Amino acid sequence: MNAAANIARMTAEQDNRISEVLEREQARLRNFIRRRVNDEGDAEDILQDVFYELVEAYRLMKPVEQVGAWLYRVARNRIIDRFRKKKPVPFADTGAVSEDGDVLLLEELLPSPDAGPEAAYARRVLLQELEDALAELPEEQREVFVGHEIEGYSFKQLAARTGVSVNTLLSRKHYAVLHLRQRLRAIYDEFVNTGGRS
């Protein structure tokens, strides 16, 4: 009976500590996540995941000394996990932003599928080469290249979303561009020299 009473008392103390942390940190942590995650539903899911992990840590008697720092570290990890789990968007459905600020769909930059068998072939080859070249990039480089060039985010927005400095993002994109230029040079030369015909 005494052991059951001790467990009940410890659980009540844990519940009180968890409630205090939730009240103190919830608004700031939500803002932290929202600055990095555009979708409100995803941000709320991440917030709930973070608090769930806090409850689990308390229940498993894993001491969390600096709760604030621990929460932000878990939140940052969950944000990164969420971006990694995002399914890649097929290139035909993506767009780019021109220097004038106009949105250019990749669809508009590729040969029309209705322009005959040669254009359809060229289109398939180009899309496959682009997807293959991007898949070869390290994940960090691919994410910044797609985020900036395809999804149209600024480096400042990407930095806020990922928690990575603008300089680091610029460096990653630079290496991605170098790889893509080298990797796609042969297919570019082939299409320029043959007009898209093999």
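This structure is a prediction, so every number in the text was calculated from the model and none was measured.
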*Asks:* Ignoring hydrogens, what is the shortest heavy-atom contact between Arg34 and Ala43? Give both atom names and the distance.
*Replies:*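 For Arg34 versus Ala43, the nearest heavy atoms are CD-CB, 3.4 Å.
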*Asks:* Is there a path of hydrophobic side-chain contacts, each under 4.5 Å between heavy atoms, that joins Tyr52 and Leu54?
*Replies:*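 Hydrophobic grouping puts Tyr52 apart from Leu54.
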*Asks:* CD of Glu25 to CZ of Phe51: how many Å apart, nearest 0.5 Å?
*Replies:*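 Answer rounded to 0.5 Å: 7.5 Å.
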*Asks:* Side chain to side chain contact (heavy atoms under 4.5 Å, CB included) between Val177 and Lys173: does it pass, once the steps are laid out?
*Replies:* CA-CA 6 Å; Val177 168; Lys173 182 179 176 202; 4.1 Å; yes
*Asks:* Hey, is Arg30 close enough to Glu44 for a salt bridge, meaning N to O under 4.0 Å?
*Replies:*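 A salt bridge is present here (some side-chain N lies under 4.0 Å from a carboxylate O).
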*Asks:* Determine the minimum heavy-atom distance between Val166 and Ala159, stating which atoms define it.
*Replies:*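 Between these two residues, the closest heavy atoms are CG2-CB, 3.8 Å.
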*Asks:* What distance separates Glu136 CD from Asp132 CG, expressed to the nearest 0.5 Å?
*Replies:*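 Glu136 atom CD to Asp132 atom CG measures 6.5 Å (nearest 0.5 Å).
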*Asks:* Atom CG in Leu180, atom CZ in Arg142: separation rounded to 0.5 Å?
*Replies:*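 It comes to 10.5 Å.
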*Asks:* Supply the atom-to-atom distance Arg76 CZ to Ile33 CD1, rounded to the nearest 0.5 angstrom.
*Replies:*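 One finds 10.5 Å between CZ of Arg76 and CD1 of Ile33.
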*Asks:* Apply side chain to side chain contact (heavy atoms under 4.5 Å, CB included) to residues Arg73 and Asn77 and explain how you reach the verdict.
*Replies:* CA-CA 6 Å; Arg73 187 172 55 251; Asn77 290 341; 4.2 Å; yes
*Asks:* Let me confirm one number: the CD1-CZ distance from Ile79 to Arg161, rounded to the nearest 0.5 Å.
*Replies:*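 Atom-to-atom, Ile79:CD1 and Arg161:CZ are 11.0 Å apart.
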*Asks:* So which atom in Leu137 and which in Ala176 form the shortest heavy-atom distance, rounded to 0.1 Å?
*Replies:*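 Of all heavy-atom pairs spanning Leu137 and Ala176, the closest is CD2-CA, 3.8 Å.
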*Asks:* Would you please say whether a donor-acceptor pair under 3.5 Å links the side chains of His179 and Gln141?
*Replies:*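 Short answer, no.
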*Asks:* Are Leu170 and Tyr153 joined in one hydrophobic group, where the rule is that I, L, V, M, F, W and Y side chains link up if heavy atoms are under 4.5 Å apart?
*Replies:*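 Linked, Leu170 and Tyr153 end up in one cluster.
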*Asks:* Counting N and O atoms only, with roles assigned by atom type, does the side chain of Arg172 sit under 3.5 Å from a partner on the main chain of Glu140, one being a donor and the other an acceptor?
*Replies:*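 Absent.
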*Asks:* When you look at Phe32 and Leu71, which way does the side chain to side chain contact (heavy atoms under 4.5 Å, CB included) test go after all the steps?
*Replies:* CA-CA 11 Å; Phe32 173 83; Leu71 288 170; over 6 Å; no
*Asks:* With a 4.5 Å cut-off on side-chain heavy-atom distances among I, L, V, M, F, W and Y, is there a chain of contacts connecting Val164 to Phe155?
*Replies:*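 Per the 4.5 Å side-chain linkage, Val164 and Phe155 are co-clustered.
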*Asks:* Other residues, nucleotides and ligands only: do more than 12 of their heavy atoms fall within 6.0 Å of CZ on Arg181?
*Replies:*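 Atom CZ in Arg181 is not packed in, count stays at 12 or less.
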*Asks:* To the nearest 0.5 angstrom, please state how far the CG atom of Leu158 sits from the OG1 atom of Thr168.
*Replies:*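 With rounding to 0.5 Å, CG (Leu158) is 12.5 Å from OG1 (Thr168).
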